[in-house]
Structures are given as structure tokens and as C-alpha cells.
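We use all heavy atoms of the structure for the numbers below, so side chains are in, but hydrogens, waters and symmetry mates are not. Since this is a predicted model, take the numbers as computed values, not measurements.
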Number of protein chains: 2
Amino acid sequence: MKNHLPTIKEIAKELNISISTVSRALHDHPSIGLRTKTRVQELAKKLEYEPNQTAIFFQQGKTFTIGVILPELSEAFFSSAISGIEDAAHKSNYTVLMGQSHDSVEKEKQLIDTMKKHRVDGLLISISKNTVNYEHFEALQRYKIPIVFFDRIPKIPNIHYVACNMVNGTVQAINFLFTKGHRIIGMINGPEKLPASKDRLDGYIQAMTKSRLKYDPAMVLNCNLSRESVSAATEKLLTGKRKPTAIVTFNDYVALDAVQQAQKMKLKINKDICFVSYANLPLSNYTAYPPMASVEQFPYLQGQKATETLIELLQQKSSEETDNVNATYYKIILESQLVVHNGK
Amino acid sequence: MKNHLPTIKEIAKELNISISTVSRALHDHPSIGLRTKTRVQELAKKLEYEPNQTAIFFQQGKTFTIGVILPELSEAFFSSAISGIEDAAHKSNYTVLMGQSHDSVEKEKQLIDTMKKHRVDGLLISISKNTVNYEHFEALQRYKIPIVFFDRIPKIPNIHYVACNMVNGTVQAINFLFTKGHRIIGMINGPEKLPASKDRLDGYIQAMTKSRLKYDPAMVLNCNLSRESVSAATEKLLTGKRKPTAIVTFNDYVALDAVQQAQKMKLKINKDICFVSYANLPLSNYTAYPPMASVEQFPYLQGQKATETLIELLQQKSSEETDNVNATYYKIILESQLVVHNGK
DNA sequence: ATAATTAATGCAAACGTTTGACCAGTGTCC
DNA sequence: GGACACTGGTCAAACGTTTGCATTAATTAT
């Protein structure tokens with residue numbers, strides 16, 4: 001009548017066999033006779049026995065848990081990514097311990113600490129926008145907790161990561177605009193120091209020069225993503241000497257703000273001026289003038305791949321106990337893909 | 001040169017004292033002399049000792065982890081809620097194990113199982129849209145894992161929950177429309193069987209009858225949230241005999257679709273027809289015609305409150321070991337609040 | 001001085017599981 | 001009839017920490 005959960009010890013006593021026999025029986029160990037095996041398994045089922053995971057975690061020195069640290073769940077990109085992570089993790093019987101840094105370095109450090117304390121087997125990290133110092137990641141090396149970075153990658157050597165090729169995505173986007181006849185193409189990019197901005201710019205330049213159009217720096221403006229700065233940039237582009245007929249925007253929010261500004265200026269969207277963006281949001285469906293096309297970054301897939309990579313690392317770690325510095329670092333680059341929004 | 005992490009055992013050996021002394025010293029136990037206490041603490045720091053949480057979890061039979069099961073992180077409501085949960089949990093040194101049901105009952109069951117296996121101390125659940133059968137929750141009672149439900153609450157007695165008063169929110173919304181002079185007010189509600197829809201309808205009826213306007217069932221249409229059904233409902237309302245001058249929509253997505261339909265019908269938004277909605281989304285800022293006002297449901301706060309409640313339950317559980325059926329169930333209802341969107 | 005009290009520390013069990021090493025039978029082979 | 005190999009099982013250590021209960025040493029009260 002005791003209300004605590006049953007243990008193998010109890011099963012053992014009940015059946016008058018040893019604890020180890022019970023353990024092995026439950027694991028289908030070959031050296032246990034069929035008879036006892038079934039006896040054990042039946043009693044276990046009857047008692048609704050469930051192994052005490054905390055004991056197992058402890059005993060094995062593993063938690064079958066992977067930590068995930070990302071900036072902001074309310075960004076659609078990351079909420080998709082975490083779905084990919086979750087699904088991949090569950091498939092391999094791992095669980096997910098999650099934390100948001102809210103783009104604060106302090107919070108990021110704190111989270112790493114918590115994760116370390118909880119002895120997660122490995123970590124998946126997309127770094128905060130403001131992280132410039134990477135010691136707190138390096139500290140984890142000592143603890144032998146492998147990390148796979150995704151999407152937002154720190155600039156340090158010898159790391160594993162999964163990311164999406166935004167340079168190429170941008171090239172695709174611009175080539176698409178070429179096929180639609182556009183020749184003067186502007187860009188409203190993000191904050192200048194952001195790696196994401198750099199990729200887009202690189203793509204822009206690459207696409208333009210490859211088509212023997214010269215790269216006009218005046219056609220690329222940075223903004224800080226605020227509504228005002230987007231409006232300002234849009235206005236500046238659309239009233240400049242060379243007027244673009246199409247604009248590539250840093251992300252969908254920027255696109256929406258830019259569209260509004262263009263409308264204010266009495267321009268006809270998709271006629272006088274076209275927009276192409278990067279697909280962070282499902283929101284485009286809900287607005288009157290979504291961008292003509294978007295560069296899909298496959299957040300779900302990125303999360304999934306990152307997780308699979310991490311789990312692979314964990315498995316090879318546990319097999320070859322030789323902590324050799326065999327130093328192969330996974331660098332997985334997914335190709336982005338331009339999605340043309342159908343009609344309307 | 002062994003690369004494994006230091007343990008209290010090692011500290012003990014190094015200092016020639018017993019393990020228990022070390023343990024107590026690290027916990028500032030009063031019966032340990034100041035001298036040894038500092039000696040221990042210094043060595044611990046030097047060795048960068050960190051207690052092995054898995055061992056502690058095991059030993060204490062607690063994991064200081066709370067499980068969270070919710071339908072869909074990509075819904076802004078839930079991503080805010082989880083932020084509230086995280087913050088509240090971390091404040092009390094709990095961590096969060098998260099899983100999405102994606103509104104699948106099967107997945108929900110599976111998650112509960114995982115959480116149970118991982119021996120979470122307690123659970124926070126927002127049930128899937130399709131859950132009609134509640135045995136999998138009741139099963140947890142046996143395991144003494146307390147649950148606090150939030151936002152989406154199952155219809156069973158004797159549970160703890162935190163929710164937002166949508167009836168009242170709807171009343172406020174409609175009263176607001178009254179003050180703006182509207183008398184004929186329509187509603188595009190969600191699926192009929194959803195509790196959320198029922199609350200809104202109740203509020204609608206309550207507000208109308210209280211103002212001695214009669215409740216006209218023809219003014220309230222259900223939709224299945226798809227774009228088409230929203231458009232259809234909007235059209236029906238706006239071409240009916242009594243034409244509403246304002247419409248309350250089930251959520252922001254519905255509002256946006258309805259706005260588009262109204263525009264298609266050459267109506268001037270905020271002039272010929274006004275919209276009021278429920279604030280699930282920050283998206284309203286990014287669209288040309290956001291609803292005039294929204295009922296704020298305070299997802300962050302709901303998450304926070306739910307977490308605090310759960311932690312309180314956990315603490316009182318561990319103190320009074322008497323597993324009395326003292327049966328006080330927390331039912332926390334937050335008041336929703338109408339937010340009027342400024343201008344434009 | 002000696003008993004009583006207090007302060008500081010040590011001992012050992014307990015938490016539930018896994019796992020390498022060992023052992024008792026039983027049968028087989030030559 | 002002894003060496004050999006199975007088969008089916010048991011024993012006990014180990015994982016790192018906490019904690020009730022002893023134990024010792026030092027101090028005080030009588």
C-alpha cells in the first residue's frame with residue numbers, strides 16, 4: 001500500500017531473484033532464461049514499473065538531454081527551428097532543455113551555466129545578436145559538452161555549425177528580378193556589422209557584377225530595422241537619381257514597412273516597384289502586398305540538421321572513448337531557396 | 001591529469017577530511033568550523049568544482065525541472081507565454097523541459113510520457129485543440145506530479161489552472177464600440193465547439209443585453225479560421241439586412257482577413273466599418289489597417305502566474321509530507337484588458 | 001577534578017540502476 | 001572421469017551526494 005513507485009529491487013524480492021537478473025531481464029539480455037524473463041516482464045507490467053530515469057542518468061553519466069539556446073522564440077524563424085530540433089531529438093529519444101537569451105549576452109552566459117549544471121549531453125546554440133566575446137563557449141570545451149551552432153554562428157575556428165547560404169540566396173533573388181526585367185535594383189539591408197547583412201551584401205555584389213551591371217553602392221542602404229529607418233531608407237532609394245524598380249529587403253518586417261512607405265509615395269506595388277525579401281514570417285499571407293518572392297531559409301530543416309549532427313557527435317563520443325583530437329568539424333551549409341509567391 | 005570533473009570525494013581526500021564535512025562546508029552548514037569551511041571553499045573554487053546535479057537529482061528524488069506542454073510555439077501567444085514561464089522558473093532555480101503537441105492528441109500523450117520518464121517535478125499544460133479525453137492527465141495524479149493548466153483548460157473538476165477572462169474582455173470590447181457610437185455590432189467567432197468561442201459569445205450576449213440592445217443571433221457567425229471561411233462570413237455580415245458598423249473578430253488573423261474582404265467590397269476601414277479583435281499577434285503593427293482595439297490576454301503574465309502557482313504547489317508538497325487530500329485547487333483568472341490602438 | 005555541555009567532525013546508509021566478474025549446474029566430447 | 005563449454009543466474013561495486021547518528025575534543029559549570 002506504499003504509494004512510492006516500484007523499483008527493480010521490489011520486483012526482485014517479489015520473485016525471489018537477484019536485482020541484476022531483473023535488470024537484465026528487462027533489457028532482454030541473452031543470458032537470462034526465457035522463463036524468468038517473461039516472469040519479470042509480466043510483473044513489471046502489472047506493477048506499472050517504470051525505470052527511474054534520474055537514477056539511470058546518474059549512473060550512466062548522461063542525461064539524454066540536449067540544451068538549446070536561442071535568441072527569441074517569438075521570431076518565427078526560431079519557433080520553426082525549435083520544432084525541427086524537437087522532432088529530431090525525440091526521434092532519437094533525447095529531450096530538449098530550452099532557453100531564450102533575448103539577445104542578451106548576460107542571459108546567454110547564465111543559460112550556458114544552467115545547462116552545464118544540468119549536465120546536458122550537448123548544446124545547440126544560435127548566438128545572441130550582441131555576443132562578440134566567445135569565452136563562455138570555449139569554457140564548455142573543458143566540460144566536453146559538444147556544441148553545434150546554427151544560423152547565428154560565432155566567428156571562431158574549430159566549431160561545428162549548420163547554417164543557410166544567404167549569399168547564394170541573395171544571388172537567386174536578384175537573378176529572379178533580372179528575369180523579370182529589372183535592371184536597377186536596390187537593397188535595404190540590416191545593421192552594417194551583422195554577419196547576416198554582410199552575406200546579403202556579398203550576394204548582391206556578386207549577382208550584379210556577374211551580370212556585368214556595375215555595383216552602385218548608393219543602391220544599398222543600411223537600416224537598424226526600426227520602422228522609421230526603413231521608411232527613411234525606402235524614401236531615399238525611391239527619390240534618388242537612379243530609381244530602382246525593385247528592392248531587396250533584409251527581412252519580411254522590413255519589406256512590409258517599405259511597402260507602406262512606397263504606398264504613401266503613391267507608387268503601385270508590383271507595378272512601379274517590386275519587393276523581394278527573406279522568409280522569416282508566415283505573415284506575408286496576411287497582408288495585401290506580400291513580397292513577390294522570398295528567400296526561404298529552412299529553419300525547421302536547420303534545426304533538424306543541427307540536432308542530428310549533435311546526436312551523431314554524442315554517439316561517436318561515447319563509442320570511441322579515446323579522446324583523440326581527431327578534430328573533424330562539421331560545417332553544414334544548406335542552400336537557401338527562392339520561393340516565388342504565387343500570383344494574387 | 002585525469003580529465004573528469006572534480007567531486008567532493010576528491011576534495012575530501014586532498015584535505016584529509018571526510019566527505020560529509022566537505023558537503024556541509026559547501027552548504028555553509030553551521031556545525032562546520034570556519035577554518036575548514038574556508039579551506040574547503042577555496043579548494044573547491046580552485047578546482048572549479050561543480051556539484052553533479054544528476055547525482056543530486058537522484059538523491060533528492062527531484063529534478064528541479066518543470067515540463068511544459070503547449071500546442072504551438074509559432075503562435076505568438078504561446079511564445080510569449082513560454083517566456084513568462086521561463087523567467088519565472090529560472091527565478092526559482094527551476095529549468096524548463098518543453099514540448100509542442102502541435103494540436104495532436106497523440107503527441108500530447110507521448111510528451112506526457114516523456115515528461116513522466118524524465119521525472120519532471122511538475123507540469124504546465126495548455127491542451128491541444130483536439131483533446132477531448134482526459135485520462136492521460138489523470139494518470140499523472142498517481143505519480144504525484146502536479147499539473148497547472150493554462151489558457152486552454154480541460155473540462156474536468158479538481159484541477160489547478162490559470163486563464164484569462166475572455167467573457168469580460170469581450171464585454172469591454174463591445175462597450176468600447178458603444179462609446180464610439182456603434183450600435184449594430186457583428187461578430188466573427190471561431191469554431192463553435194471551442195471553449196474560446198463560447199466565452200466570446202457569452203461576452204457578446206452579455207454586453208448587448210445589458211445595454212438593452214437585443215441579441216441578434218444573425219449578427220454572430222462562426223468560421224473555421226480559414227481565409228475562405230472568414231471572407232465568407234465577412235461578406236455575409238456586410239451584405240445582410242442589418243449592416244453592422246463594427247465587427248468583433250475571433251483573433252488577429254481573422255481580423256486581417258476580414259479587413260481584406262471589406263476592402264474588396266469597397267468599404268473604407270475605420271469609417272464604414274470598424275474592427276476589434278483579440279491580441280494574439282504583434283503583427284498588427286505591420287499592417288495597413290490593424291484593428292481599432294484588441295483584447296489583451298497577457299500571455300506572458302499567464303505563463304508567469306501558472307509557473308509561480310506550480311512552484312508553490314511543489315514547495316508545499318515537499319514540506320507537508322502528509323499526503324492529505326487537502327484539496328484546495330488554484331483557479332486563477334486574470335482580467336483581460338482592452339487595448340486601444342493609437343491613431344491611424 | 002569531574003561531569004555536563006557544546007563545537008567540530010567522521011561514519012555509513014541510502015537513493016535505483018548497470019555491469020564486470022564470478023559461480024553452480026548440466027551436458028558433451030574424447 | 002576429467003577438461004570444456006554452455007546456460008542461467010548471483011554478487012558486489014560503482015556513480016556523487018546528502019544526512020541522521022555517532023564520536024571526539026574542547027570548554028564550561030560544579
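For the pair Lys13(B) (side chain) and Ile8(B) (backbone), a donor-acceptor distance under 3.5 Å is absent. In this structure a side-chain-to-backbone donor-acceptor pair under 3.5 Å is present from Gln100(A) to Leu73(A).
Evaluation of the side-chain contact (heavy atoms from CB on, under 4.5 Å) rule for Lys37(B) yields Ala25(B), Asp28(B), Ile32(B), Gln41(B) as partners, not counting sequence neighbours. A search for ring pair (Phe, Tyr, Trp, His ring centres under 6.0 Å) contacts involving Tyr330(A) returns His160(A), not counting sequence neighbours. Qualifying ring pair (Phe, Tyr, Trp, His ring centres under 6.0 Å) partners for Phe58(A), counting only residues two or more places apart in sequence or in other chains: Phe58(B). The side-chain contact (heavy atoms from CB on, under 4.5 Å) check on Ile311(A) picks up Ser92(A), Tyr94(A), Thr307(A), Gln315(A), with sequence neighbours excluded. Annotation: side-chain contact (heavy atoms from CB on, under 4.5 Å) contacts of His90(B) (sequence neighbours excluded): Lys107(A), Leu111(A), Glu86(B). In this structure, the side-chain contact (heavy atoms from CB on, under 4.5 Å) partners of Leu43(B), at least two apart in sequence or on a different chain, are Ile11(B), Glu14(B), Leu15(B), Lys46(B), Leu47(B).
Remark: the Ser104(A) side chain and the Ser101(A) side chain contain no N/O donor-acceptor pair separated by less than 3.5 Å. If you check the side chains of Thr131(A) and Ser128(A), you find a donor sitting under 3.5 Å from an acceptor.
Going from atom CD1 of Ile11(B) over to atom C1' of dT9(C) covers 17 Å, rounded to whole Å. Per the geometry, NE2 belonging to His29(B) stands 13 Å off C1' belonging to dG10(C), to the nearest Å. Taking atom CD1 on Ile17(A) and atom P on dC11(D), their separation rounds to 12 Å, with Å as the unit. Distance, Asp28(A) CG to dG9(D) C1': 16 Å, rounded to whole Å.
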All N/O pairs under 3.5 Å across the protein-nucleotides 20-22 of chain C interface:
{"from": "dG20(C)", "atom 1": "O6", "to": "Arg24(A)", "atom 2": "NH2", "distance (Å)": "2.3"}
{"from": "dA21(C)", "atom 1": "N6", "to": "Arg24(A)", "atom 2": "NH2", "distance (Å)": "3.4"}

Atom pairs, protein N/O to nucleotides 13-17 of chain D N/O, distance under 3.5 Å:
{"from": "dT17(D)", "atom 1": "OP1", "to": "Tyr49(B)", "atom 2": "OH", "distance (Å)": "2.4"}
{"from": "dT17(D)", "atom 1": "OP1", "to": "Asn52(B)", "atom 2": "N", "distance (Å)": "3.1"}
{"from": "dT17(D)", "atom 1": "OP2", "to": "Ile8(B)", "atom 2": "N", "distance (Å)": "2.8"}

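For the pair Ser31(B) and dT9(C), the criterion of a side-chain N or O lying under 4.0 Å from OP1 or OP2 is not met. For Thr21(B) and dT9(C), the shortest distance from a side-chain N or O to OP1 or OP2 is not below 4.0 Å.
Taking every heavy atom of residues 111-118 of chain A and every atom of DNA chain D, no pair lies under 4.0 Å.
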Please set out all donor-acceptor pairs under 3.5 angstrom arising from side-chain atoms of residues 149-158 of chain A, sequence neighbours excluded.
{"from": "Arg152(A)", "atom 1": "NH1", "to": "Asp103(A)", "atom 2": "OD1", "distance (Å)": "3.3"}
{"from": "Arg152(A)", "atom 1": "NH1", "to": "Ile127(A)", "atom 2": "O", "distance (Å)": "3.2"}

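Overall, the helix from dA1(C)-dT30(D) to dC30(C)-dG1(D) carries an axis bend of 60° between its ends, with five pairs at each end and the value rounded to 10°.
Applying the ring pair (Phe, Tyr, Trp, His ring centres under 6.0 Å) test to pairs two or more places apart or on separate chains, those with a residue in residues 98-123 of chain A are His118(A)-Phe57(B).
At the heavy-atom level, Thr54(A) lies nowhere under 4.0 Å from the strands shown.
Using a cutoff of 4.0 Å between basic side-chain nitrogens and carboxylate oxygens, Glu50(B) and Lys117(A) are not scored as salt-bridged.
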